[in-house]
S.K.: 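Handing you this structure, nothing more for now.
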2 protein chains.
Amino acid sequence: MVRVTDTTDLRERRRLATRAEIEAAALDLFAERGSERTTVEDIAAAAGVSQRTFFRYFPTKEDAVLGIHRSFHRAIADRIATLPDVFAAVAGTLAAMSAGDGAPIHRLLRVRYLIARDDNLRRVALCLDAEFCRNGQDLITAALGGGTDLRARVMMETVSVALRAALDEWAMRRHAGEDADLTAVFQQACGFQLEMFEKLRGYA
Amino acid sequence: MVRVTDTTDLRERRRLATRAEIEAAALDLFAERGSERTTVEDIAAAAGVSQRTFFRYFPTKEDAVLGIHRSFHRAIADRIATLPDVFAAVAGTLAAMSAGDGAPIHRLLRVRYLIARDDNLRRVALCLDAEFCRNGQDLITAALGGGTDLRARVMMETVSVALRAALDEWAMRRHAGEDADLTAVFQQACGFQLEMFEKLRGYA
DNA sequence: GCCGATTTGGCAGTGACTGCCACTATGCTG
DNA sequence: CAGCATAGTGGCAGTCACTGCCAAATCGGC
């Protein structure tokens, strides 16, 4: 996504270039000293723009690095909209991403690794996940028809747990040198959930 | 929890009274105009203290109303520490609370209803839930022994989903006049999860 | 009634973010 | 190619959350 070239409009190109520059600067600074010890002024200066301009591109400093996160959510939501099986939608997106040219997955890896070690960033990412769940919830209730809103919510948030945990685990393992597969880790996380409910069936 | 009397120390009593006053003021103001449209100055003035003093009692304005939330988490964590079955721990806490004198559950009801309608508050509460999950995760790995940290995380976060959804659903229903039972709603939420994984077993 | 510890308020400062205004650059039009 | 509407940028002032610091008041024990 977000290809800097591929557009004839100079203004548009410039805009995308600036955006990319800010994102890169934020990524570097966050990795270096953490998001809390980095000010918007720092990021803006590193990207060669004013603070005011920074806020025209991103609403918060955390948002500057969470772009892939957002597009990742969008990709999953698109799948959910067509086939309303949340597990399949996530697994499919993960597989498609792993099979792709590698750029998005590398961005995701870097950001997820950052998130895993940065409390502030993790909080913000968690809120984004919650937003994503609300969207997905609406898609599911729209597709499967109304009735219990609670069911759709629980479904979305439950896969979201497995997905989030898998992303963190994957990022940590990859950073440690292992060549972990995202889809595999996700399925492992789902496996733990399944196991929980296998035991639970005793109660209910 | 937080009994205003029951202490001989006058200072301590005063402190608790001030704390309770601030909490009540925040609760009222948040209910009236939402947490974002309420400033710390507003809360402090309503509670009859300075802004500086407010921040000696609570680190953020959102924290002023999330006290029960915290003690609720503590109660669950205590149970997990003794018996490391997360479902049982949550269900047990819920049952004990419902059976109690009613004060904590009414506070919880009010706050949860607030949270369900206030985006900002919901975000903060979600972050508290995440913190709670991290604690619980540590307790589980400590009790059940190490190995996969991922499993403990997934377990905690998965029950947390059911719990959070149940709390919201319960608060909404109760506010609508129905006399919904928290434990029952929680079990319903868990039931939806179980159902998900019953279908999932086809894939795996 | 005095002393040490606690609590409080005020004030200045930082950092996130917004609204406003003037300035510049772009790209379209005659 | 000059001229103009529009988009993009920077600066500035302002609000709000939150912190550190210092002085005044209060409390509890002697």
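Lettering follows sequence order; numbering is per chain, from 1.
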S.K.: Specify the residue among B:F54 and A:E41 whose closest nucleotide of DNA chain C lies further upstream toward the 5′ end.
M.R.: B:F54
S.K.: Give the intermediate values and the outcome of salt bridge (charged side-chain N to carboxylate O under 4.0 Å, His left out) for residues A:D168 and B:R153.
M.R.: CA-CA 11 Å; A:D168 286 338; B:R153 174 177 178 179; 2.8 Å; yes
S.K.: Is the phosphate of D:dT19 approached by B:R52 (side-chain N or O, under 4.0 Å from OP1 or OP2)?
M.R.: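 So the side-chain polar atoms of B:R52 never come under 4.0 Å of the phosphate oxygens OP1 or OP2 of D:dT19.
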S.K.: Out of D:dC16, C:dC21, D:dC18, which has the shortest distance to the side chain of B:T39?
M.R.: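 Nearest nucleotide to the side chain: D:dC16.
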S.K.: Tell me the interatomic distance from B:D42, atom CG, to D:dA17, atom C1', rounded to whole angstroms.
M.R.: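 Rounding to the nearest Å, CG of B:D42 and C1' of D:dA17 are 13 Å apart.
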S.K.: So, is B:Y57 near the phosphate of C:dT8, with a side-chain N or O under 4.0 Å from OP1 or OP2?
M.R.: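 Yes, because at least one side-chain N or O of B:Y57 sits under 4.0 Å from OP1 or OP2 of C:dT8.
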S.K.: Hey, does the Lys NZ or Arg CZ of B:R117 hover above the aromatic six-ring of B:F30, less than 6.0 Å from the centre and inside 45° of the axis?
M.R.: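 Negative - B:R117 is either too far from the ring of B:F30 or too far off its axis.
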S.K.: Within this structure, what is the CD-to-P distance between B:E62 and D:dC16, rounded to whole angstrom?
M.R.: 15 Å
S.K.: Can you tell me how far P of C:dA5 sits from CD of B:E12, to the nearest Å?
M.R.: 19 Å
S.K.: In whole Å, what is the span from the CZ atom of B:F55 to the C1' atom of C:dC11?
M.R.: 15 Å
S.K.: Among the nucleotides D:dA17, C:dA16, D:dT9, which one has an atom lying closest to any side-chain atom of A:T18?
M.R.: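 Nearest listed nucleotide: D:dT9.
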S.K.: Within the pair A:T53 and D:dT9, is there a side-chain N or O less than 4.0 Å away from OP1 or OP2?
M.R.: no
S.K.: Locate the shortest heavy-atom distance separating A:F186 from A:V159; write the atom from each residue and the value.
M.R.: CE1-O, 4.3 Å
S.K.: Let me spell it out: for each of B:R14 and B:E36, pick the nucleotide of DNA chain D with the closest heavy atom. Which residue's pick is nearer the 5' end?
M.R.: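 Mapping each residue to its closest nucleotide by heavy atoms, the 5'-most match is B:E36.
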S.K.: Could you tell me the separation between the CD1 atom of B:I22 and the P atom of C:dT8, rounded to a whole number of Å?
M.R.: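 Nearest whole value for this atom pair: 8 Å.
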S.K.: Return the value, rounded to whole Å, for the distance between atom CZ of B:R37 and atom P of D:dC16.
M.R.: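 It works out to 10 Å between those atoms.
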S.K.: How are the rings of B:F132 and B:H73 set to each other: parallel, tilted or perpendicular (split at 30° and 60°)?
M.R.: parallel
S.K.: Could you give the NZ-to-C1' distance, from B:K61 to D:dT19, as a whole number of Å?
M.R.: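 It is 17 Å, rounded to the nearest whole Å.
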S.K.: Could you tell me whether the phosphate oxygens of D:dT9, OP1 or OP2, come under 4.0 Å of any side-chain nitrogen or oxygen in A:R56?
M.R.: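 For D:dT9, OP1/OP2 do not have a side-chain N/O of A:R56 under 4.0 Å.
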S.K.: Expressed as a whole number of angstroms, how long is the span from A:F58:CZ to D:dG8:P?
M.R.: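 Distance, rounded to whole Å: 14 Å.
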S.K.: Give me the one residue out of B:R37, B:K61, B:R33 that meets side-chain hydrogen bond (donor to acceptor under 3.5 Å, both in side chains) with B:D42.
M.R.: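 Option passing the side-chain hydrogen bond (donor to acceptor under 3.5 Å, both in side chains) with B:D42: B:R33.
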